[in-house]
Peer 1: 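Here you go, one structure.
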Amino acid sequence: MSHEEIHQDLRSAVRELCRSFPDAYWRDLDAKREYPAAFVKALTDAGYLAALIPEEFGGSGLGIAEASVILEEINRSGANAGACHAQMYTMGTLLRHGSDAQKREYLPKIASGELRLQAFGVSEPTTGSDTTQMKTMAVRKGDTYVVSGQQVWISRAEHSDLLLLVCRTTPLEQVKKRGEGLSILLVDLREAVGHGLTIRPIRTMMNHATTELFFDDLKVPASALVGEEGKGFRYLIDGLNAERILIAAECVGDGRWFIERASKYAKDRVVFGRPIGQNQGVQFPIARAHVNIEAADLMRIKAAALFDRGAACGAEANMAKLLAADASWEAANVAVQTYGGFGFAEDYDIERKFRETKLYQVAPISTNLILAYVAEHVLGLPRSY
Ligand SMILES: Cc1cc2nc3c(=O)[nH]c(=O)nc-3n(C[C@H](O)[C@H](O)[C@H](O)COP(=O)(O)OP(=O)(O)OC[C@H]3O[C@@H](n4cnc5c(N)ncnc54)[C@H](O)[C@@H]3O)c2cc1C
């Protein structure tokens, strides 16, 4: 089977699964700010969240191109892959840097759905995008780490069994280079909550199950260390390209959903005796948003192809994320404008997706930080921060 055929089959199968979770399902959860547990279970049972886990550990051993097709189709259907995407990219840290024992212990259970690895902890309230300055500290005492500190925006922590925690193991004052002294711990949330870890939900403008974490002398076995102590920042960087490509694909999915809805509405809605879509003032913005989504998709496809053959793809992965997030946000604005007043009505779902796709201007990395990366690392301009 060619790559094209594999992707086509995947698209049809994911679309079929998503049909059981229509707009009303997402609208209802959004109103209640509830986690889409049934949807995530259906995806897990069908094996989609284990797409990147190698076959020897019970996954399907697919590439990032295929994984990105899965997430794109989820968002393309009007759903929100933000409820489950982290399982795909956080698992990569364990796969690349975990010990054989850790991989044998966790990966098959993650693949089968027995364990959920949906939470990834980096962001702190007072550190912001400057990750190397992070303060959450893990101090080694015998065969345990004692963790103290605070993190914010840690999504899905209440719906995950494991947390991939980035924390400091050497105080900042003692490191020579700013990327040193960070480590990664695989924290078992089932044991941690109530024993040094408190999770406090944060209500946001969209339904995202995000939380604040308070570490108060949480004891984590030293065997939870992933890879070597002090190398956590490098491991983090290693996982970012996958994350950027997958999020770009979600944005492409969002964009296509907005354009399809806007086009249909523009054909059906008759005002002044003709469909509003007959007016160039209405059709051109939709056409332009389509052009931009298709262009962003090309960069996403290029980045995924480079990633899957093991080539450097930092520039392409970042550019794909920026282009796709901007294009989906443009498409979201165009859809609201096309729907007029109905764009604001919950029953039409446009305003829900509008709120959801806005996130990708800021997380997991903001557009400015991508531009700073391109300026410095691709164009050789002076470092700005
Ligand atoms: C809903 C949601 C879910 C999230 N989920 C997770 C998660 O699961 N795990 C996790 O670890 N984090 C998560 N995050 C955090 C997210 O990654 C951060 O919000 C993001 O990286 C930006 O960091 P900040 O919010 O601290 O913004 P800041 O770093 O404070 O930046 C604020 C603004 O200033 C700009 N800015 C900052 N510095 C510069 C500069 N040098 N040059 C130009 N512009 C600059 C930024 O672009 C941004 O627009 C989530 C965030 C949200 C909102």
Side-chain angles (χ1 to χ4, degrees), residues 30 33 35-36 40 75 80-93 116-136 147 149-168 178 182-187 189 197 199-215 232-233 235-237 239-240 242-244 246-247 250-251 254 318 321-322 325-326 329 352-377 381-385:
D30 182 65
R33 289 294 190 275
Y35 187 72
V40 176
N75 279 33
N80 184 0
C84 53
H85 54 197
Q87 177 130 327
M88 282 194 180
Y89 48 77
T90 45
M91 177 284 304
T93 305
R116 299 164 300 170
L117 172 56
Q118 292 286 8
F120 181 41
V122 183
S123 301
E124 294 183 338
T126 60
T127 306
S129 304
D130 197 0
T131 309
T132 59
Q133 303 300 300
M134 81 186 298
K135 300 161 195 80
T136 300
V147 185
Q150 188 183 342
Q151 294 198 339
V152 70
W153 308 120
I154 310 309
S155 304
R156 303 161 298 273
E158 295 169 296
H159 306 281
S160 188
D161 301 303
L162 302 168
L163 160 73
L164 202 73
L165 173 69
V166 184
C167 54
R168 185 161 283 297
R178 57 182 175 171
L182 299 181
S183 299
I184 294 188
L185 299 176
L186 188 62
V187 176
L189 289 167
L197 173 62
I199 303 180
R200 190 192 292 161
I202 307 175
R203 201 178 156 92
T204 56
M205 73 184 204
M206 67 295 183
N207 185 19
H208 200 86
T210 197
T211 71
E212 215 169 348
L213 303 184
F214 299 88
F215 300 94
F233 189 66
Y235 301 161
L236 180 66
I237 302 276
L240 294 184
E243 181 193 74
R244 308 275 191 263
L246 293 174
I247 298 287
E250 287 177 40
C251 292
D254 277 344
N318 275 287
K321 155 69 172 64
L322 179 120
D326 280 357
W329 180 231
R352 171 176 59 81
K353 290 286 279 180
F354 174 92
R355 288 182 278 116
E356 288 172 1
T357 212
K358 177 66 184 172
L359 176 64
Y360 300 116
Q361 295 288 309
V362 171
I365 182 173
S366 68
T367 40
N368 274 2
L369 271 283
I370 293 185
L371 291 172
Y373 171 88
V374 172
E376 183 186 336
H377 295 281
L381 290 163
R383 190 182 179 92
S384 62
Y385 56 84

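Counting starts at 1 for both ligands and their atoms, following the listed order.
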Peer 1: For ligand 1, which atoms, with element, lie under 4.0 Å from some heavy atom of Met206?
Peer 2: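 Counting from 1, the qualifying ligand atoms are 1 (C).
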Peer 1: Looking at every non-hydrogen atom in both residues, tell me the closest pair between Cys251 and Ala325 and how far apart they are.
Peer 2: SG-CA, 3.7 Å
Peer 1: Going by heavy atoms in the side chains, are Arg168 and Leu182 under 4.5 Å from each other?
Peer 2: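 Yes, close enough: below the 4.5 Å cut-off.
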Peer 1: Write out the residue and atom name of the closest protein heavy atom to atom 31 (O) of ligand 1, then the distance separating them to 0.1 Å.
Peer 2: Ser129 OG, 4.1 Å
Peer 1: Which residue holds the protein heavy atom closest to atom 20 (C) of ligand 1, what is that atom called, and what is the gap in Å?
Peer 2: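 Among all protein heavy atoms, the one nearest atom 20 (C) of ligand 1 is Val362 O, 3.5 Å.
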Peer 1: Heavy-atom distances under 4.0 Å are what count here, so tell me which part of Phe120 touches ligand 1: side chain, backbone, both or neither.
Peer 2: backbone
Peer 1: Measure the distance from atom 37 (C) of ligand 1 to every protein heavy atom, then report the residue, atom name and distance (to 0.1 Å) of the closest one.
Peer 2: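 Nearest neighbour among protein heavy atoms for atom 37 (C) of ligand 1, to 0.1 Å: Leu369 CD2, 4.2 Å.
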Peer 1: When you measure from atom 14 (N) of ligand 1 to every protein heavy atom, which one gives the shortest distance, and what is it?
Peer 2: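 So the nearest neighbour among protein heavy atoms is Trp153 CB, 3.3 Å.
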Peer 1: Output yes when a protein non-hydrogen atom is found under 4.0 Å of atom 2 (C) of ligand 1, and no otherwise.
Peer 2: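 Looking at atom 2 (C) of ligand 1, one finds that a protein heavy atom does lie closer than 4.0 Å.
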Peer 1: Within a distance of under 4.0 Å, is there any protein heavy atom near atom 42 (N) of ligand 1?
Peer 2: no
Peer 1: With a 4.5 Å heavy-atom cut-off, do Gln118 and Val40 have their side chains touching?
Peer 2: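 Answer yes - side chains close enough.
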Peer 1: Is there any N or O on Ser366 that sits under 3.5 Å from an N or O of ligand 1?
Peer 2: yes
Peer 1: Between the candidates Ser155, Ala372, Ser160, Ala86, which shows the shortest non-hydrogen contact distance to atom 8 (O) of ligand 1?
Peer 2: Ser155
Peer 1: Is atom 50 (C) of ligand 1 less than 4.0 angstrom from at least one protein heavy atom?
Peer 2: yes
Peer 1: Identify the protein heavy atom lying closest to atom 18 (C) of ligand 1, giving its residue, its atom name and the separation to 0.1 Å.
Peer 2: Ser123 OG, 4.1 Å
Peer 1: Hey, what's the ring geometry for Tyr360 with His85, parallel, tilted or perpendicular (30° and 60° as the breaks)?
Peer 2: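 Correct class here is perpendicular.
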Peer 1: Please name all residues satisfying salt bridge (Lys or Arg N to Asp or Glu O under 4.0 Å) with Asp326, sequence neighbours left out, ordered by chain then number.
Peer 2: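 Asp326 satisfies salt bridge (Lys or Arg N to Asp or Glu O under 4.0 Å) with no other residue.
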Peer 1: To the nearest 0.5 Å, what is the distance between CZ (Arg156) and SG (Cys84)?
Peer 2: 8.5 Å
Peer 1: Relative to the heavy atoms of Leu359, which atoms of ligand 1 are at a distance of less than 4.0 Å?
Peer 2: 1 (C), 2 (C), 52 (C), 53 (C)
Peer 1: Do the side chains of Leu236 and Phe120 get nearer than 4.5 Å, heavy atoms only?
Peer 2: yes
Peer 1: Which residue supplies the protein heavy atom nearest to atom 35 (C) of ligand 1, what is that atom called, and how far is it?
Peer 2: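 Its nearest protein heavy-atom neighbour is Asn368 ND2, 4.2 Å.
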Peer 1: Using the ring of Tyr385 (Phe, Tyr or Trp, six-membered ring only), decide whether Arg383 places NZ or CZ under 6.0 Å from its centre and within 45 degrees of its axis.
Peer 2: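 Yes, Arg383 and Tyr385 form such a contact.
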Peer 1: Using side-chain heavy atoms (C-beta onward) and a distance below 4.5 Å, is Asp161 in contact with Leu189?
Peer 2: no
Peer 1: When you measure from atom 30 (O) of ligand 1 to every protein heavy atom, which one gives the shortest distance, and what is it?
Peer 2: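 Going atom by atom, the protein heavy atom closest to atom 30 (O) of ligand 1 ends up being Gly128 CA, 4.3 Å.
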Peer 1: Under 4.0 Å from atom 11 (O) of ligand 1, is there any protein heavy atom?
Peer 2: yes
Peer 1: Taking all heavy atoms of Lys353 and all of Asp254, pick out the closest pair and write down the distance.
Peer 2: NZ-OD1, 2.6 Å
Peer 1: Taking only heavy atoms of Pro364 into account, list the atoms of ligand 1 that are under 4.0 Å away from them.
Peer 2: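 Listed by number with element: 17 (O), 21 (O).
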Peer 1: Do Leu165 and Gln151 have side chains that approach each other closer than 4.5 Å (heavy atoms only, starting at C-beta)?
Peer 2: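 Leu165 reaches Gln151 side chain to side chain.
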Peer 1: Can an N or O of Thr204 be found at a distance shorter than 3.5 Å from an N or O of ligand 1?
Peer 2: no
